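Heads up: the structure comes next, in structure tokens.
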Amino acid sequence: MTQVAQVVVDVATRQTDQPYDYAIPDDLVSVVTPGMRVVVPFGRRRLQGFVVGIQDHAAFDGKLKPIQQVMDLEPALDHELLALSKWVANTTFAFWITTMQTMLPAAMRAKYARLLVRTDQFPADDAWGRQLFGRSQTIPYPEDLTAAQTKQLRQWADQDAVRVEYKVKNQARAKTRKGVHAPTAAVLAQVTVPNRAKAQQKLLTGLQQAPFAGTLTYAQAAQHYDVSEATIHTAEEAGWLQPATLTIRRNPLDAQTERDAPKSLTPDQTAATDQFVTAVTNKQAHTFLLEGVTGSGKTEVYLQTIQAALDQGRTALMLVPEIALTPQMVHRVYARFGTAVAVLHSGLSDGEKYDEWRRIQHQQAKIVVGARSAVFAPLTNIGVIIIDEEHESSYKQDDSPRYHARNVALHRAKTFHCPVILGSATPSLESRARAEKGVYTLVRLPERINERPLPPVHIIDMRQAGGARVTPDFSPELLSALENTLAKHEQSVLMLNRRGYSAQAMCRNCGWIAKCPNCDISLTVHLAAHKLVCHYCGHEAPIPTRCPVCHSDKIRFFGTGTEKIEDQLQKLLPTARILRMDADSTRKKGGHARILKAFGSGQADILLGTQMIAKGLDFPTVTLVGVINADTALGMPDFRASERTFQLLTQVAGRAGRGDKPGAVIIQTYNPDHYAIQLASHQDYESFFRREMVVRHQGKYPPYYYTVLLTISAPSESVTAQEAYRIAGDLKPLLSKTAIVLGPTPRSITRVNNRYYYQILVKFKKEPALGRGLHNLLTNSQSLAKNHVQVAIDFEPQQIM
DNA sequence: AGCACGCCGACT
DNA sequence: GTCGGCGTGCTC
């Protein structure tokens with residue numbers, strides 16, 4: 001009886017998004033397991049694929065090709081993750097292969113090499129052929145061949161003089177070090193070393209007096225016995241130490257971290273922890289919404305709940321926004337749980353991520369802390385899942401697979417029968433509304449632990465301040481507050497809401513504006529690099545000295561970029577040391593942490609930056625927080641604009657005066673009466689929630705309605721529009737009367753990278769047939785592929801623009 | 001995604 | 001007459 005494996009192949013297209021049947025060779029029958037990565041022939045290529053099932057009969061009635069090799073000794077995805085990958089693919093309209101790849105560390109994603117091999121038929125006298133191959137039998141397939149060369153190769157291929165081979169490479173490799181096994185006393189007793197070999201003798205007596213167990217690396221052994229690594233090597237050559245290969249963890253975290261003990265809890269914290277622990281113990285797949293202001297001690301509640309899960313022999317998963325995954329935060333978890341913690345964040349190299357992933361898979365790590373993708377950590381027996389700052393939009397991935405970590409967490413929790421804790425000072429409306437309906441249990445931590453009052457918040461009306469303003473961007477109030485803070489040798493943080501406010505180059509004479517040739521958007525001026533950059537496609541151009549239209553030399557810059565604000569500020573406060581933190585200054589690896597560290601150690605007086613400084617920043621030394629333009633987000637045509645503004649301002653306001661000195665917050669705005677700004681200044685989440693719910697109800701938006709955004713794009717605008725209308729037309733008959741279809745409309749920036757984008761937004765309450773319908777619509781649509789049309793489906797999009 | 005098969009314009 | 005353009009269709 002032949003065994004047949006169903007394999008999903010590494011080709012992410014709609015046509016190939018299905019399992020293919022492969023014969024399992026006899027010698028692999030006992031090895032091949034669902035969840036394993038295998039190499040299979042596909043057409044004339046060789047590809048990586050995932051085994052998703054094993055059967056004794058093929059559904060395919062052609063000749064089956066055999067699996068070529070297995071890439072794993074144990075399945076890369078266990079049963080739970082395999083099923084989860086299928087579920088995520090279905091619910092996010094992604095390809096199955098894409099969701100499976102997403103679950104693995106980057107180092108485990110296949111790399112393909114195309115090789116050219118010459119046979120003994122290969123003509124020895126051909127000049128180009130000799131140059132091409134040199135002495136090698138196999139070479140990488142040559143790039144950029146001329147037409148004549150391609151033809152020559154094809155001819156040789158026909159004559160069996162050359163053949164093309166495909167190789168699947170697995171880059172994942174544990175890092176190893178040379179080491180030695182512990183020798184037995186019996187072996188040591190028999191060793192003789194010459195008298196003059198002082199180092200050897202020292203090592204030998206050392207080993208006899210203080211033997212070690214297991215294995216040590218060369219370096220460890222050398223240090224331990226105070227000899228050189230060469231001495232260890234010599235002993236190994238002499239044969240009385242046995243060589244060993246040790247797997248090294250690339251990311252050895254500060255092993256010296258001092259362990260801390262659980263802190264005593266306030267009555268509120270105790271009540272919350274008790275509820276969570278009960279749910280862990282009773283294996284309830286229940287969701288809690290932990291609503292607690294900044295400084296109310298949510299983290300301690302998390303840590304003690306995790307401890308309870310560990311005590312019951314279970315594991316824990318804790319998600320944190322990437323930006324909040326700071327060394328301080330990570331340190332806190334280590335201090336409590338030591339090496340049982342694995343951390344997954346973007347600062348790790350691929351190799352380090354792979355090591356952490358393996359530690360989790362091998363159950364050496366019981367607690368996983370990480371950003372969005374850590375929700376797929378290969379934990380088994382999960383006892384609790386925590387999502388901190390649950391309102392953060394970064395939990396939703398904005399390219400395929402467009403999953404929301406919160407939804408994935410809820411699904412895994414059901415599988416493991418464990419509770420989910422969603423924590424936030426400003427919960428998303430979706431979550432807070434579910435708590436209102438009793439779907440989630442609302443748990444509150446209303447008080448700050450040290451009862452430190454919230455800093456006073458001043459709202460500056462920038463419409464009024466017009467005449468008095470020192471510069472267009474600084475009100476007198478903000479400037480004098482900055483001066484005072486500087487005089488007191490205290491630190492300030494200034495936030496600039498950059499969206500839509502980047503510096504542009506314009507001709508004062510004719511009004512010409514530098515635009516991107518590939519996108520419908522103006523280029524942004526980067527003074528430091530002295531060039532124009534498109535933030536959408538990355539196109540770069542030099543800053544012109546003369547206008548290309550009227551040839552005048554009156555090119556000026558306008559708009560408010562962080563760079564420009566920094567210049568203004570430096571002129572206004574010549575003695576201030578200003579540190580700028582934005583996408584440009586943090587691009588390099590670790591740039592973010594480096595800037596924060598410099599500021600934390602007092603190397604600057606003012607930290608100027610974009611939204612990223614509102615989050616993951618915790619410096620007790622900061623006494624003034626200024627927001628230069630609070631309301632740029634409010635002008636966005638997005639129903640979440642108010643929610644975002646409220647969350648951001650509430651968060652920023654919580655940053656001032658965390659230490660002993662009182663703080664102050666100054667918010668400059670053109671909408672001083674807007675409820676999001678008013679309520680944020682009072683940190684009044686509950687009122688904001690009630691108010692915003694009314695708005696959402698009237699607008700038929702989440703949480704009252706679900707949304708699905710279809711984005712249709714193609715290189716031709718007419719094709720894009722035509723397909724968008726066709727899709728909208730096909731969609732409407734599938735929907736009930738309560739559903740609303742908006743669009744198609746061109747996206748606000750219609751052309752990006754020479755593709756045109758149209759959108760359709762569907763709002764609905766309950767459409768059981770919609771998911772299936774959308775799938776069918778795309779699978780059956782032949783015209784799409786033909787016209788290079790791409791359709792992206794985003795369930796519950798975070799950005800609608 | 002690749003890769004091949006297949007049917008129409010500018011070259012040896 | 002052939003080379004080669006990229007439209008169309010398949011990969012277990």
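This structure is a prediction, so every number in the text was calculated from the model and none was measured. Heavy atoms only: backbone and side chains are in, while hydrogens, waters and symmetry mates are out. Throughout, a chain's letter reflects where its sequence line sits, starting with A, and its residues are numbered from 1.
Counting heavy atoms from C-beta on, the side chains of A:R402 and A:Q397 never come closer than 4.5 Å.
Nucleotide C:dC10 holds its C1' atom 8 Å from the OH atom of A:Y20, rounded to whole Å. The CZ-P distance, from A:F50 to C:dC12, rounds to 19 Å in whole Å. Rounding to whole angstrom units, CZ of residue A:F60 and P of C:dC12 are separated by 7 Å.
Not one N or O on the side chain of A:K86 forms a donor-acceptor pair closer than 3.5 Å with the backbone of A:T99.
At a threshold of 4.0 Å, the pair A:R372-A:E322 does not count as salt-bridged, since none of the basic side-chain nitrogens sits closer than that to a carboxylate oxygen. Ion pairing between A:R726 and A:E723 holds under the 4.0 Å rule for side-chain N and carboxylate O.
A heavy atom closer than 4.0 Å to some atom of DNA chain C occurs in A:P41, A:F42, A:G43, these being the qualifying members of residues 30-44 of chain A.
When only modelled atom types and interatomic distance are considered, A:S136 and A:T138 share no side-chain donor-acceptor pair under 3.5 Å. A:S428 and A:E390 share a donor-acceptor pair across their side chains, judged by distance under 3.5 Å alone.
Legend: salt bridge (Lys or Arg N to Asp or Glu O under 4.0 Å) pairs involving residues 36-55 of chain A, not counting sequence neighbours, sorted by first then second residue: A:R37-A:D72.
With a heavy-atom cut-off of 4.0 Å to chain A, the contacted part of DNA chain B has its first and last nucleotide at B:dA1 to B:dA4.
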